[in-house]
Amino acid sequence: EPSDPFRPLRDGRPEHPGAPRGARGGGGGGTHSGPPANRQQARVRQVVFLLGAIVMLILVVIAIRGCLNARKDRSFKNYVSDLSSITVTEKQISDQLFDILDGGNGNQAAEDIGLQNEVQSAAGSAQDLLDRAQDLNAPSELDGAQQQIALAFELRHDALEGIAAQVGKTGGSNAGKAEQAIYTQMKVLSASDILYARAQDQIEDELANQGITIDEGVPSSRFLPEDPNYLDPAVTKAAVSGAGVGTGGTVMDPETLTAT
């Protein structure tokens with residue numbers, strides 16, 4: 001019996017001769033060799049976005065580090081600048097005081113009176129410098145050095161206070177004790193110079209570690225001059241002996257003045 005090409009199959013669908021079974025219906029029976037083009041484009045965009053985000057993050061980190069480094073540089077430089085300002089004033093006080101002790105003006109009576117006034121003035125100025133030294137805003141890396149600097153200025157203030165309390169007695173009956181007490185304060189001033197020098201070395205080392213260059217460098221500060229040598233008791237005694245004597249050879253001993 002001849003076959004009818006449009007004869008229904010058992011499942012009710014007509015059979016078309018020559019049509020492959022896998023291609024019928026043009027629908028879900030077909031296979032795909034890869035993902036659609038729009039899906040590939042989406043993945044490319046995701047990768048590009050991710051790479052862009054990584055690059056932006058790196059740039060942000062670099063910018064933050066640059067700001068922090070610049071801020072740290074400024075903190076070190078500002079600290080050294082403020083310290084320099086204090087040491088300049090400190091040197092002026094030292095120069096004026098020891099110029100009188102060295103007999104720079106050639107008038108003994110004027111020197112004696114000037115020494116008392118100068119020591120008292122120096123002691124007052126030293127308090128202001130001590131306050132400024134203690135208020136210095138040091139970077140955390142310089143905390144140890146800052147403590148030594150503050151202590152150095154405290155020793156100088158205390159030494160000048162001690163000298164001021166004794167210099168008026170060097171022309172009276174207690175001259176020997178007063179001269180010895182002043183000599184002791186000279187040793188305190190020397191100790192302050194040593195302490196400051198140690199702090200200066202620590203600051204310079206930390207600047208080198210941080211790679212920070214300061215054109216003027218870290219300021220030095222020496223209150224007690226090297227020449228003459230006031231750590232020699234005879235030199236100190238000669239410098240302050242008779243400082244309680246005013247014009248006309250009158251002894252300006254505070255005990256005598258009180259008694260009269």
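The figures that follow rest on heavy atoms only: side chains count, while hydrogens, waters and symmetry mates do not. One is the number of the first residue; the rest follow in order along the sequence.
For an aromatic pair to be called close, the ring centres must be under 6.0 Å apart, and Phe98 with Tyr230 satisfies this.
The backbone N or O of Lys77 sits nowhere less than 3.5 Å from a side-chain atom of Ser81 that would complete a donor-acceptor pair. Looking only at distances, a side-chain donor or acceptor of Ser75 sits under 3.5 Å from a matching main-chain atom of Lys72. For the pair Glu141 (side chain) and Gln210 (backbone), a donor-acceptor distance under 3.5 Å is absent. Within the 3.5 Å criterion, the main-chain N or O of Met186 finds no donor-acceptor partner in the side chain of Ser190. A distance-only check finds a donor-acceptor pair linking the side chain of Asn78 to the backbone of Arg74 [under 3.5 Å]. A distance-only check finds a donor-acceptor pair linking the side chain of Asp193 to the backbone of Phe223 [under 3.5 Å]. A distance-only check finds a donor-acceptor pair linking the side chain of Ser84 to the backbone of Val80 [under 3.5 Å]. No donor-acceptor pair under 3.5 Å is formed between the side chain of Thr236 and the backbone N or O of Pro233.
When the side chain to side chain contact (heavy atoms under 4.5 Å, CB included) test is applied to Arg132, the partners found at least two apart in sequence or on another chain are Ser85, Ile86, Thr89, Asp128, Leu129.
Interatomic distance, CG of Asp201 versus CZ of Arg198, reported as 9.5 Å (0.5 Å rounding). Here the straight-line distance linking atom CD of Gln200 with atom CG of Asp205 works out to 10.5 Å at 0.5 Å rounding. Residue Leu231 holds its CG atom at 10.5 Å from CD of Glu226, rounded to the nearest 0.5 Å. How far CD of Glu90 is from CG of Asp95: 10.5 Å, rounded to the nearest 0.5 Å. Expressed to the nearest 0.5 Å, how far CD1 of Ile149 lies from CG of Leu151 amounts to 11.0 Å. Considering OG of Ser192 and CG of Leu224, their distance stands at 8.0 Å, rounded to 0.5 Å.
Within the 4.5 Å cutoff, no side-chain heavy atoms of Leu189 are placed close to those of Leu155.
Cluster membership check: Leu207 shares its hydrophobic cluster with Leu83, using side-chain heavy-atom separations under 4.5 Å among Ile, Leu, Val, Met, Phe, Trp and Tyr. A single hydrophobic cluster is not seen to contain both Val188 and Ile182; linkage of ILVMFWY side chains at heavy-atom distances under 4.5 Å, directly or through other members, places them apart.
Nearest heavy atoms, Leu160 versus Ala126: CD1-CB, 3.8 Å. Across all their heavy atoms, Gln146 and Ala138 have their closest contact at CB-CB, 3.8 Å. When all heavy atoms are compared, the tightest approach of Leu130 to Ala150 is CD1-O, 3.7 Å. Nearest approach of Leu142 to Ile203, heavy atoms of both residues: CD2-CA, 4.0 Å. Minimum interatomic distance between Ala152 and Leu195 (heavy atoms only, all atoms of both residues): N-CD2, 3.7 Å. For Gln185 against Ile163, the heavy-atom pair with the smallest separation is CB-CG1, 3.6 Å.
In summary, the side chains of Gln147 and Asp143 do not present any donor paired with an acceptor at a separation below 3.5 Å, with no hydrogens or angles considered. Between the side chains of Gln166 and Gln180, not a single donor N or O lies within less than 3.5 Å of an accepting N or O.
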(message) Determine whether Gln96 and Ser125 satisfy the following criterion, side chain to side chain contact (heavy atoms under 4.5 Å, CB included), listing intermediate values before the conclusion.
(response) CA-CA 12 Å; Gln96 293 171 4; Ser125 299; over 6 Å; no

(message) The test is side chain to side chain contact (heavy atoms under 4.5 Å, CB included); show your working for Glu179 and Lys169 and say whether it passes.
(response) CA-CA 8 Å; Glu179 291 165 358; Lys169 302 177 182 179; over 6 Å; no

(message) Between Tyr183 and Val240, does the side chain to side chain contact (heavy atoms under 4.5 Å, CB included) criterion hold? Intermediate values first, please.
(response) CA-CA 10 Å; Tyr183 170 68; Val240 302; over 6 Å; no

(message) Does Phe153 form a side chain to side chain contact (heavy atoms under 4.5 Å, CB included) with Gln134? I'd like the steps, not just the answer.
(response) CA-CA 9 Å; Phe153 280 92; Gln134 291 175 336; over 6 Å; no

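Within a 6.0 Å radius of CG in Asn137, no more than 12 heavy atoms belonging to other residues, nucleotides or ligands are found. Heavy-atom neighbours of Lys91 NZ from other residues, nucleotides or ligands within 6.0 Å: at or below the threshold of 12.
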